[in-house]
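Let me begin by presenting the structure, written as structure tokens, before commenting on it.
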Amino acid sequence: MGKPRISDEPVFDGFKIKVEELNLYYGEKQALKNVSISIEEKQVEAFIGPSGCGKSTFLRTLNRMNDLIDGCRVEGKVEIGGQDIYQKGFDVPYLRRKVGMVFQKPNPFPMSIYDNIAYAPRTFGIKKKDELDEIVVSSLKRASIYDEVKDRLKESALALSGGQQQRLCIARALSASPSILLLDEPTSALDPVSTAKIEELIGELKKEIGIVIVTHNMQQAARIADRTAFFLMGELVEEAPTTAIFSHPQDERTLSYITGRFG
Amino acid sequence: MSRKGLSRYLGLSLKGVTYLSLILSNVALLGIIIYILVDGMGYLTWDFLFGPYRAPDLISIWPAIVGTLELLLIALALGLPIGIGSAIFLSEYSKSESKLVKAIRLATETLSGIPSIVYGLFGYLVFVVGFGWGYSLLGGGLTLFLMILPLIVRSVEEALVSVPKSLREASLALGAQKSRTVFKVVLPSASSGIVTGCILASGRVISESAVLLLTIGMVVNKVPGDMLSAGTSLALDIYYFSNFGMPEEAAATSVVLLLLVIFINLLALLAERLLRGKGYGKA
């Protein structure tokens, strides 16, 4: 329930992600089995695997979006910057500020472009116009969409093209100044040109923040990810530097998947 | 006839049937409006609208205009906040499978289907007799409030449910609390649906007569002094005038009622357009 809770903001010591023996259940069904992984800061980590393998579910445990699903239960340990994010009374809204998310389908609010980006800072209590202006402009610039929209900030975000909407959503996520950005198949609904723009953008962003991207496109993982994790039926099969996983995978199943024998 | 010819023939005749029903329904509507205007317009004078009521020479619907507005005020002032609040609870804060919610949903659906005279009887027994208020605008307004409440709850809930889940997720993923998500994202996105629901509810209030017959007393000749005095409404006046041999006055009152309904619909259109200008309503 949405009762406001006064709590001390947790202090993150860096933004390394450390997951140990994570099990996740939807009611009776187990969706993630014994997942353990460490993800370093300021790099791109890709999750690949066939549909329904648990990669998106796992992504959503990292900012606790699974909390929204009835009957979802999590066991095990998920640490970000040394903080157990599933500990009792943890400030989940603050976690989500620091661990931003962009979804598969662009989901701009039905408001102006400006108000879309100013939404998060306003949530944190920023009201001064010049402060908001600065955040809006810098977020749009970081998502490299500023030049395309600077003359129509007051117009509805829904008038933008799909690719622009998705970059707007990235800008909106950046406006909360996250240290990790979770991308859930961000380009699967986009054309190749828009996809290329977003991939280029990811290359820029990883200089400042960590990026975890779920993709079902293996070429995309190969192009942009420093490390890649392969999921299959709720298990983390293999996690290694991207070049290693695509050139000589250690696991039989990984080999079958990347050579296109199933998936 | 070949098969192709037959299906072409069927297609054409279906088109004919739809055109015919379109014409029939519109002719009926136009006929009513023209009939009312022809009969009533001549009687629409300043005195008829706003003058004092001294039968048999001076007939006025001013008491009904005041009564209608008061009823609208009471019913909406209670119905909108409570109805919208309940709808928000049902769609945003409750688990849709829970027994309580299912029971509430069943209750609102049943209540919105009950004939209004039953509400009138309830209002009569509770407010007029039980509370000992006698016939009063307050009692009538409260009964109308009870009558439109399920209507508002259902239409607002429908509007809220149709807001895509992805917008709620977007807001929560930015670190917004649930309450902010509901009030800044979900409600504005549902605003045009909510406005439509409210307009429907006001329409019901304005056009209701059965409830009022049993609760406010149909005192057509006196401007109500306060909320607890008996009174009348436009719809009741139409009933009264036509029952007591004043069909032209009834038609003239109908014109006023019609104009009021048109005015409220225009208001809704305007509200929707304003909200759409802000980018809402398209989600």
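Proteins get letters first, then strands, A, B, ... in listed order; numbering begins at 1 in each. Because only heavy atoms are used, hydrogens play no part in the values below, and waters and symmetry mates are left out as well, while side chains stay in.
- Summarising the geometry of B:L167 relative to A:F109, their closest heavy-atom pair is O-CE2, 3.5 Å, with the distance given to 0.1 Å.
- More than 12 heavy atoms of other residues, nucleotides or ligands sit less than 6.0 Å from atom CG of A:D130.
- Interface remark: A:F103 contributes side-chain atoms only to the contact with chain B (heavy atom separation under 4.5 Å).
- Nearest heavy atom pair, residue B:V185 against residue A:Y119, reads CG2-OH, 3.4 Å.
- Within the 4.5 angstrom heavy-atom criterion, atoms from both the backbone and the side chain of B:E169 approach chain A.
- In this structure, A:A173 and B:L174 approach most closely via the heavy-atom pair CA-CD2, 3.9 Å.
- The environment of CD in A:E134 is sparse: at most 12 heavy-atom neighbours from other residues, nucleotides or ligands sit within 6.0 Å.
- Heavy-atom minimum distance, A:R96 versus B:L172: CD-O, 3.1 Å.
- Contact between A:N107 and B:A170 at its shortest, heavy atoms only, is ND2-CB, 3.3 Å.
- For a residue to count as touching a neighbouring chain, one of its non-hydrogen atoms must lie under 4.5 Å from one of that chain's; by this rule A:R64 does not touch chain B.
- Rounded to the nearest 0.5 angstrom, B:K165 NZ and A:L68 CG are separated by 8.0 Å.
- If you take CZ on A:R122 and CZ on B:R180, they are separated by 8.0 Å, rounding to the nearest 0.5 Å.
- Counting only heavy atoms from C-beta outward, the side chains of B:S171 and A:T123 never approach each other to under 4.5 Å.
- Heavy atoms from other residues, nucleotides or ligands lying under 6.0 Å from OH of B:Y124 number 12 at most.
- Only the backbone of A:P108 has a heavy atom closer than 4.5 Å to any heavy atom of chain B.
- In this structure A:F15 satisfies the ring pair (Phe, Tyr, Trp, His ring centres under 6.0 Å) test together with A:F12, sequence neighbours excluded.
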